[in-house]
Structure formats: structure tokens, C-alpha cells
S.K.: 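Just dropping this structure here.
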Amino acid sequence: MVLAMLIYVFSPLDIIPEAVLGFGFIDDALLAVYVISSISSELDKYISNKGDENIKVDKDKTIENVEYEIKDEDEQ
């Protein structure tokens, strides 16, 4: 989406040509707002993990109460 938006913004072909004083950038700005809004909503879904309903965790394969020790190489 971002690549398509950039191609459209920098392309000389537009719905509203830039030669129209001040109004030529409206279609570019609206497209940028739409793409940023779409990406933002997708990122919100990803960050908030709303898509986790399909992920199943097998509690029988979860390892708990593991003891470990970290040895520093300098203390040998």
C-alpha cells in the first residue's frame, strides 16, 4: 500500500492535476491519509493481539519451574 501510494504521489498522472492551483495536492493528501489510517488500524490489531483468538496454547507442552544458572566467563 505504501509503495503504491508513493508511486501515485510522485507520478505525473493524477485524478486532479497539480497544475490546478492548490487543489492538485488534495487527491495526494487524501490518499496518504487513507493509507496511513489503514496501516494504523492494522498495526493496532497487531499490537493489541486481537488476532490471537486462533492461536491455541497446549498447556501439556509448557515447561514450568525450570532452574538455571548463569556462569560468568570471567569468574572461572
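These values consider heavy atoms only, across backbone and side chains, with no hydrogens, waters or symmetry-generated copies. Just so you know, these numbers come straight off a predicted model, no measurement behind them.
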S.K.: Look at the side-chain heavy atoms of Ile, Leu, Val, Met, Phe, Trp and Tyr, link any pair under 4.5 Å apart, and say whether Leu31 and Phe10 land in one connected group.
M.R.: yes

S.K.: Is there a path of hydrophobic side-chain contacts, each under 4.5 Å between heavy atoms, that joins Leu3 and Ile39?
M.R.: no

S.K.: Could you list all the side-chain hydrogen bond (donor to acceptor under 3.5 Å, both in side chains) pairs where at least one residue sits in residues 26-39, not counting sequence neighbours?
M.R.: Tyr8-Asp27

